[in-house]
Amino acid sequence: MNREQETLYTVALTRIGHFTPAAMSELYRRAGSATAVMENRTDLQSIMPDIAPRIAEAFRDTSEAMRRAQAEIEYDNDNGIRILTMNDEDYPRRLSECPDAPLALFYKGSASLNPLHAVCMVGTRRCTAYGQDIVRRFCADLRAMCHDVLIVSGLAYGVDINVHRQALANGFDTVAVLAHGLDTLYPPRHRDTADKMLHQGGLLTEYTTCTNADKMNFVRRNRIVAGISDACIVVESAEHGGSLITARIAQDYHRDVFAFPGAVVSEYSQGCNNLIRDNAASLIASARDFVSAMGWQDDSKIRQARQSGIERQMFPELSTEEQSVVDALKKANDLQIGHLTVRTGLAVPQLTATLFTLEMKGVVKMMAGGCYHLLA
């Protein structure tokens, strides 16, 4: 299959079937590729006998969709945006299991969309001090128990932006799912955080450039927030808050849903309390509750063992140079190469090679800003 042609056809399909993502996804899955769909566009009933007349009609003239797709690809290539189609290895495998998964995603960032663990945290745009404290404590405590976790939210005001900022502060990769194309950013006030996320996470959308942040786009993007995650956590929500939509979709996708309880008189805890009352979400009060419920305890046990020195025996024997780096990071973690050179006395070429070996052994990890973090 011609990859460039497949990408072009896939982007064109997103233009043609933007009004029925689930039906277009089903057509794509039955055909096996966007190329097969386009090559049979005059006889789509041979692929999908029950295809809706509205969809078949949309394929009568694909010239405008093809033109827009070509322009999109050129823009994305010029601006460091990756186009992920459902046949790509880097497409989020969790999302691909969902019946209405987007045929194409547009991604700008550094994080893998297929991490060991992924969790979305959502909530009200009117986040209270209580909600901010929940997010802060949760991210800090989770960091002490699990390292390889992608934290997902929507970059909106309130809970979302607090989630991204605390994820960054605690060394997690964090991805924002946007309701518009990557040629703009909404809200613009969050540009600084979004820029940091490009190096420690990323920005993800199903929308092509020149797509405005319309109200319905926010509703539709919720399925991606839920779909790329193992679990959904609602931090704070009013009785009819938008985050409840994400929680419902997550439940429909057979994801685990959790909610932090709040005071019965608190307006922005009503949604969470109702989810718990209706057995639509499990009550959690801490990151430990969440890790236990998800069965991620092994990560916690490994971390504790490493902290106590037990896990060290499981690592390969360390060379003198490797041990000097580990010792330096034990004294002051998250150091850049310049500081490590001073502390270890190793020349930069030798230090670089040593750090690479330690990464391969799973002892250190390079974080944002070129800092090296000791995992063991």
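- For R30, the salt bridge (Lys or Arg N to Asp or Glu O under 4.0 Å) partners are E26, D50, not counting sequence neighbours.
- Remark: R125 is positioned above the aromatic ring of F218, its terminal NZ or CZ atom under 6.0 angstrom from the ring centre and at most 45 degrees off the axis.
- No side-chain donor from either of Y9 and N2 sits under 3.5 Å from a side-chain acceptor of the other.
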- Message: Apply side chain to side chain contact (heavy atoms under 4.5 Å, CB included) to residues Q5 and M38 and explain how you reach the verdict.
- Response: CA-CA 11 Å; Q5 177 178 278; M38 293 298 283; over 6 Å; no
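- With hydrophobic clusters built from ILVMFWY side chains whose heavy atoms lie under 4.5 angstrom apart, I276 does not share a cluster with I284.
- We find that E72 and R15 are not joined by a salt bridge, their nearest charged nitrogen and carboxylate oxygen being 4.0 Å or further apart.
- A salt bridge is absent between D327 and K331: the closest approach of a Lys/Arg side-chain nitrogen to an acidic carboxylate oxygen does not fall below 4.0 angstrom.
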- Check the pair D256 / S282 against side chain to side chain contact (heavy atoms under 4.5 Å, CB included), numbers first and verdict last. CA-CA 8 Å; D256 292 288; S282 299; over 6 Å; no
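- Partners of D230 under the salt bridge (Lys or Arg N to Asp or Glu O under 4.0 Å) rule, at least two apart in sequence or in another chain, are R94.
- Scanning for salt bridge (Lys or Arg N to Asp or Glu O under 4.0 Å) contacts around R54 gives an empty result, with sequence neighbours left out.
- Residues E236 and T124 have side chains that never bring a donor and an acceptor to within less than 3.5 angstrom of each other.
- Using cut-offs of 30° and 60° on the angle between ring planes, the pair W296 and H117 is parallel.
- With salt bridges taken as basic N to acidic carboxylate O contacts below 4.0 Å, one links R220 and E206.
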